[in-house]
Amino acid sequence: MRQLFAVELIYRGVFQKTLAKNITRGIVLAAHKEGKPGLSFGRYGDSPERNGIPAKSFAIVASDDQTLQLGMAHYEPGQVDLTVVLDDSLAKGIESWAWDGVHAVNARVRRGGTLIVVSTQSADELLELIHRSEQPYKLGILPGVASFSGMWVYKDDHTDVRVLGAIAKAAPEVVSIDAVEAYINEKLKNPLKAQSARKAYERFSAVDVLPDQGNAEPLVGFALPKWSQMRLGVSIPGQPQGGPLEDPVTKKTGGFRPARNEKFLKATTRTLRPVVNFETCTKCTLCWLDCPDGSFDVTPDGTYDVDLHGCCGCGICEAVCPVKDCITMVAETEFRENGSEWTRFKKDKAAYLAWLKTTIATAQKEKDRSYGFRYRGQYEEQAPAALEAAHKS
Ligand code: SF4
Ligand code: SF4
């Protein structure tokens with residue numbers, strides 16, 4: 001019987017590019033060992049790959065050449081047997097830079113297919129973030145932290161072969177563990193890596209996820225205009241100016257919120273987000289001036305509030321703010337929403353400042369955070385917990 005299989009890898013652009021490429025390439029080369037032809041290819045979200053943006057790589061494997069050619073007639077598969085997420089901070093959903101809405105990470109997983117997430121979180125914790133799917137699927141966790149194996153630095157922590165082992169367990173029809181081991185031994189010439197793949201294979205398991213399980217929040221959508229709705233000719237509309245904000249408590253208006261492209265939102269590109277202490281802000285304007293994404297609103301108080309749909313988490317505002325702990329970058333996984341911090345502050349200052357204190361204390365344990373990819377020292381700090389999880393699983 002002719003069969004076509006598709007695997008989708010979702011990763012952080014640039015930082016995990018080589019890892020993703022090695023995994024999809026590994027799937028195809030391992031499948032070749034079983035006489036199955038295949039192809040692997042990357043997709044950059046329709047624009048050049050940039051630091052941290054969600055990006056994708058695919059592996060297509062078929063039972064024969066003709067089926068593969070038929071499958072490749074599509075630019076990329078609409079449905080996949082497996083999706084692998086290499087950084088669990090992407091579990092909230094992904095957006096491309098050619099923005100067309102937020103996509104759930106399980107959006108392409110076929111009925112009964114498997115979503116594999118590299119994470120130290122539990123399935124229940126991840127399902128708070130992963131949006132619901134209309135069809136049942138399986139969720140498997142490969143214990144581990146997001147591996148930094150990108151274009152310039154390759155951290156060879158065996159994530160590549162562990163993912164291959166998990167894939168072989170979740171979908172042996174795509175590639176078997178024997179073929180994975182044969183590929184590793186022949187091409188990577190590393191028996192230790194073959195052992196890691198086998199261990200991941202033996203320990204990997206997945207739980208069933210039903211349509212009523214997962215994050216019930218609607219995804220931010222964007223309907224592409226039909227040709228009949230487009231304007232005639234070529235014209236570039238002027239940029240709307242924006243206007244003042246309303247104080248949620250006093251209802252007084254003031255400050256300035258620039259008009260932004262409502263359809264180009266960047267929340268899921270972040271691995272860290274800025275939190276602002278409006279009490280200690282000296283209104284120096286530096287964050288507002290230096291934010292490359294124009295993400296700050298001037299509040300009626302003269303302080304600066306981050307528009308969390310526009311912020312890509314680069315951390316420049318924290319770096320330029322002259323006041324200690326006035327802006328702090330915090331891991332995005334700590335948050336569940338993108339509402340205004342200033343509104344929260346205005347509604348209940350004491351609660352906001354207490355929250356800020358604990359949040360900043362958590363973030364500051366992570367010394368020398370690196371804004372593109374969490375923080376330097378991440379592996380040193382997380383390795384013991386990740387190793388323990390990997391040993392137990
Ligand atoms: S993290 Fe970067 S994009 Fe976000 S508000 Fe700060 S400077 Fe702007
Ligand atoms: S850089 Fe810091 S002190 Fe200056 S306006 Fe921004 S938040 Fe306030």
Side-chain angles (χ1 to χ4, degrees), residues 12-15 45 47 50-54 87 89-90 92 94-97 99 102 220 242 244-245 247 254-346 349 352-353 355-357 359-360 362-364 366 368-376:
R12 288 276 177 205
V14 178
F15 302 126
S47 72
R50 296 169 72 176
N51 287 356
I53 65 155
D87 178 348
S89 69
L90 291 162
K92 289 179 179 184
I94 48 170
E95 306 155 31
S96 76
W97 278 84
W99 206 80
V102 176
V220 182
L245 276 76
D247 186 304
F256 185 72
R257 170 179 289 148
R260 299 189 176 93
N261 185 334
E262 290 171 7
K263 302 201 165 55
F264 183 48
L265 310 180
K266 288 167 266 174
T268 65
T269 61
R270 284 193 301 265
T271 49
L272 297 171
R273 77 161 59 172
V275 294
V276 181
N277 187 337
F278 301 97
E279 197 99 302
T280 57
C281 169
T282 60
K283 308 175 186 178
C284 74
T285 77
L286 284 175
C287 55
W288 176 71
L289 281 173
D290 285 328
C291 171
D293 286 64
S295 299
F296 281 96
D297 294 336
V298 189
T299 73
D301 305 333
T303 54
Y304 294 87
D305 186 28
V306 186
D307 179 292
L308 286 163
H309 286 292
C311 164
C312 66
C314 68
I316 287 176
C317 52
E318 185 197 49
V320 299
C321 178
V323 181
K324 187 173 182 310
D325 299 343
C326 184
I327 298 184
T328 309
M329 299 301 290
V330 177
E332 185 59 32
T333 43
E334 299 291 317
F335 303 93
R336 297 289 179 269
E337 42 69 49
N338 293 307
S340 156
E341 293 171 359
W342 176 71
T343 301
R344 281 178 56 204
F345 170 72
K346 292 299 285 190
K349 287 187 185 176
Y352 181 84
L353 293 173
W355 168 82
L356 202 61
K357 207 169 161 189
T359 305
I360 291 176
T362 312
Q364 283 177 341
E366 301 164 355
D368 296 327
R369 279 151 291 143
S370 100
Y371 305 113
F373 200 78
R374 304 192 184 183
Y375 53 94
R376 287 185 287 280

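In listed order, ligands and their atoms are each counted from 1.
- For ligand 2, the atoms lying closer than 4.0 Å to a non-hydrogen atom of V323 are 3 (S).
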For N338 and R270: C-alpha separation, side-chain torsions, deciding distance, then whether side-chain contact (heavy atoms from CB on, under 4.5 Å) applies.
CA-CA 12 Å; N338 293 307; R270 284 193 301 265; 3.0 Å; yes
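- Residues Y304 and K283 approach most closely at CE1-CA, 4.2 Å, considering heavy atoms.
- By the criterion of a heavy-atom distance under 4.0 Å, both the backbone and the side chain of T282 are placed next to ligand 2.
- Against a heavy-atom cut-off of under 4.0 Å, G315 is close to the following atoms of ligand 1: 1 (S), 2 (Fe).
- Of all protein heavy atoms, the one closest to atom 5 (S) of ligand 1 is F296 CE1, 3.5 Å.
- Look at I327 and you'll find a heavy atom under 4.0 Å from some atom of ligand 2.
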Test side-chain contact (heavy atoms from CB on, under 4.5 Å) applied to L356 and E341, step by step
CA-CA 10 Å; L356 202 61; E341 293 171 359; over 6 Å; no
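- With a 4.0 Å heavy-atom cut-off, ligand 2 is reached by the backbone of C287 and by its side chain too.
- When all heavy atoms of K92 and V102 are compared, the pair lying nearest together is O-CG1, 4.4 Å.
- Applying the 4.0 Å criterion to heavy atoms of C284 picks out, from ligand 2, the atoms 1 (S), 3 (S), 4 (Fe), 5 (S).
- Ring geometry for F335 against W355 counts as perpendicular: the plane angle is over 60°, on a 0 to 90° scale with 30° as the lower cut.
- Remark: ligand 1 atoms within the under-4.0 Å shell around heavy atoms of C312 are 3 (S).
- Close approach of ligand 2 to C326 is summarised as follows: ligand atoms under 4.0 Å from at least one heavy atom of the residue are 2 (Fe), 7 (S).
- Not one N/O/S atom of C291, from backbone or side chain, sits under 2.8 Å from atom 6 (Fe) of ligand 1.
- With ligand atoms numbered from 1 in the order given, ligand 2 contributes 5 (S) to contacts under 4.0 Å with heavy atoms of Y304.
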Please assess K346 against T299 for the test side-chain contact (heavy atoms from CB on, under 4.5 Å), listing each intermediate value before the final yes or no.
CA-CA 11 Å; K346 292 299 285 190; T299 73; over 6 Å; no
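- Residue contacts with ligand 2 for T280 are absent, since no atom lies close enough (heavy atoms, distance under 4.0 Å).
- Remark: the S89 side chain and the D87 side chain contain an N/O donor-acceptor pair separated by less than 3.5 Å.
- Ligand 1 places these atoms under 4.0 Å from at least one heavy atom of C317: 1 (S), 5 (S), 6 (Fe), 7 (S).
- Taking the side chain as every heavy atom from C-beta outward, K349 and F278 never approach each other to under 4.5 Å.
- Atom 4 (Fe) of ligand 1 has C311 SG, 2.4 Å as its closest protein atom, hydrogens excluded (heavy atom only).
- Protein heavy atom in closest approach to atom 2 (Fe) of ligand 1: C314 SG, 2.3 Å.
- Note that the CD atom of E318 and the CG atom of D325 stand 8.5 Å from one another [nearest 0.5 Å].
- Closest to atom 8 (Fe) of ligand 2, if we only count protein heavy atoms, is C281 SG, 2.4 Å.
- Of the listed residues (V306, V276, L245, D297), just one forms a side chain to side chain contact (heavy atoms under 4.5 Å, CB included) with W342, and that residue is L245.
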